[in-house]
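Lettering of chains follows the sequences in order, A, B, ..., and the numbering in each one begins at 1. As the structure is a computational prediction, the values presented were derived from the model and not from experiment. Just the heavy atoms: all of them, side chains too, but no hydrogens, waters or symmetry mates, feed the values below.
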Number of protein chains: 2
Amino acid sequence: MKRNTWQREAVREALDATEGFISAQALHSTLHATGSPIGLATVYRALGDLATSGEADSLQSPDGESLYRACTTTGHHHHLICRNCGLTVEIAADEVEAWAKRVAARHGFTQAAHVVDVFGLCENCTRLAAGE
Amino acid sequence: MKRNTWQREAVREALDATEGFISAQALHSTLHATGSPIGLATVYRALGDLATSGEADSLQSPDGESLYRACTTTGHHHHLICRNCGLTVEIAADEVEAWAKRVAARHGFTQAAHVVDVFGLCENCTRLAAGE
DNA sequence: ACTGGTTTTGACAATCATTATCAATAAGCG
DNA sequence: CGCTTATTGATAATGATTGTCAAAACCAGT
Ligand SMILES: [Zn+2]
Ligand SMILES: [Zn+2]
Ligand SMILES: [Zn+2]
Ligand SMILES: [Zn+2]
């Protein structure tokens, strides 16, 4: 059976309090900074569980790190992510869903899943970059 | 200046001879298997260069490995990949390109790039899986 | 509230891919 | 052919993630 521990709750809350995607390492640091003695391995496990149960979304950063986020939208969706500050916008893209399904079917592929993410500079970060 | 070495050529050829995406480690093994004494670090460097120069495409496997492929299509495109045998189909997706541009603009994002990949089971692997 | 069986934790070791070092090697130019 | 310098490769270093396993924490049942 699945037990409730303050550690899991702490991870859930820390993730909720985070704007944008964050790595397991970074979340662990954040927790430590606030005085929590939670272990690193536990953070990894909790994030993995949250992702599996669908309570959190996960994706691979361009350099291969796993990033997590507590999403407000419950269903399947995608993300528009600022590569500088991490600001994230959730995107519903029926158009892309249909396309993915269609293209897989056309080539005889089954059990198709897809990775669709857009990375860019948000309005703020664009301004800041321009001011350089 | 950029020099030509048999090592770089060997990597290029091995990549050309490979159907589907392959990791640096795997390509290094393949090369060794054919008798080449090329070093692992060199394979990493060569693949990185090929990817940078646009001669090879790269993407992150679902578990975070960097995979490379010598693509026939020169321009920007995406992939439909068999997660079992690695068979890869190159896909042009103007529809998705337009969508990505549109969604970024709508939220004030600039310098938008995108990751769009479809993973599934190819026709063959689907048959094999069914026969289990 | 106490207890026992089971799950979870966490410090630490182990893995695994990738990158950094740096002395030895080999392109390419004259 | 020599010189200059980019490239190589054995190996160490890094860094994220996972495995280990005894100790601690849960929680259902008493
Ligand atoms: Zn930003
Ligand atoms: Zn989707
Ligand atoms: Zn296949
Ligand atoms: Zn595209």
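Put simply, the side chain of B/Arg3 and the base of D/dT5 share a donor and an acceptor less than 3.5 Å apart. Counting distance only, with no hydrogens placed and no angle test, the side-chain atoms of A/Arg45 and the base atoms of C/dG10 include a donor-acceptor pair under 3.5 Å.
Within the 4.5 Å cutoff, side-chain heavy atoms of B/Val96 are placed close to those of A/Trp99. A 4.5 Å side-chain heavy-atom check between B/Leu59 and B/Val115 finds every atom pair outside the cut-off.
Considering only side-chain N and O atoms, B/Gln7 lies nowhere under 4.0 angstrom from the phosphate OP1 or OP2 of C/dA26. An OP1 or OP2 oxygen of C/dT9 is reached within less than 4.0 angstrom by no side-chain nitrogen or oxygen of A/Thr42. The phosphate of D/dC26 has neither OP1 nor OP2 within less than 4.0 Å of any side-chain N or O from A/Thr5.
Residue B/Leu47 contributes atom CG, which lies 14 Å from atom P of C/dA17 at whole-angstrom precision. Here the P atom of nucleotide C/dC29 and the CG atom of B/Asn4 are 10 Å apart, to the nearest Å. Regarding A/Asp63, its CG atom lies at a distance of 13 Å from the C1' atom of C/dT19, rounded to whole Å. Atom CG of B/Asp49 is separated from atom C1' of D/dA6 by 12 Å (rounded to the nearest Å). Put simply, CZ on A/Arg8 is 11 Å from C1' on D/dC26, counting in whole angstrom units. Taking atom CD of residue A/Glu65 and atom P of nucleotide D/dT18, one finds them 12 Å apart after rounding to whole Å. Between B/Tyr44 atom OH and D/dT14 atom P the separation is 18 Å, expressed in whole Å. In this structure, the CD1 atom of A/Ile38 is 15 Å from the C1' atom of D/dA24, given to the nearest Å.
Closest contact between the side chain of A/Met1 and the listed nucleotides D/dA10, D/dC27, D/dT7 involves D/dC27. Comparing atom distances between the A/Lys2 side chain and each of D/dC27, C/dT8, C/dG10 picks out C/dT8 as nearest.
Side-chain N/O atoms of A/Gln7 and A/Thr42 include no donor and acceptor closer than 3.5 Å.
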B/Ser23 and B/Gln25: CA distance, side-chain angles, deciding distance, side-chain hydrogen bond (donor to acceptor under 3.5 Å, both in side chains) verdict: CA-CA 5 Å; B/Ser23 70; B/Gln25 301 275 353; over 6 Å; no
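In this structure, A/His79 and A/His77 have perpendicular ring planes: the angle between them is above 60°, well past the 30° mark.
Backbone-only engagement by A/Ser66 is indicated by non-hydrogen atom pairs under 4.0 Å involving sugar-phosphate atoms exclusively.
Take the nearest nucleotide of DNA chain C for A/Val43 and for B/Leu40: the residue whose nucleotide is more 5' is A/Val43.
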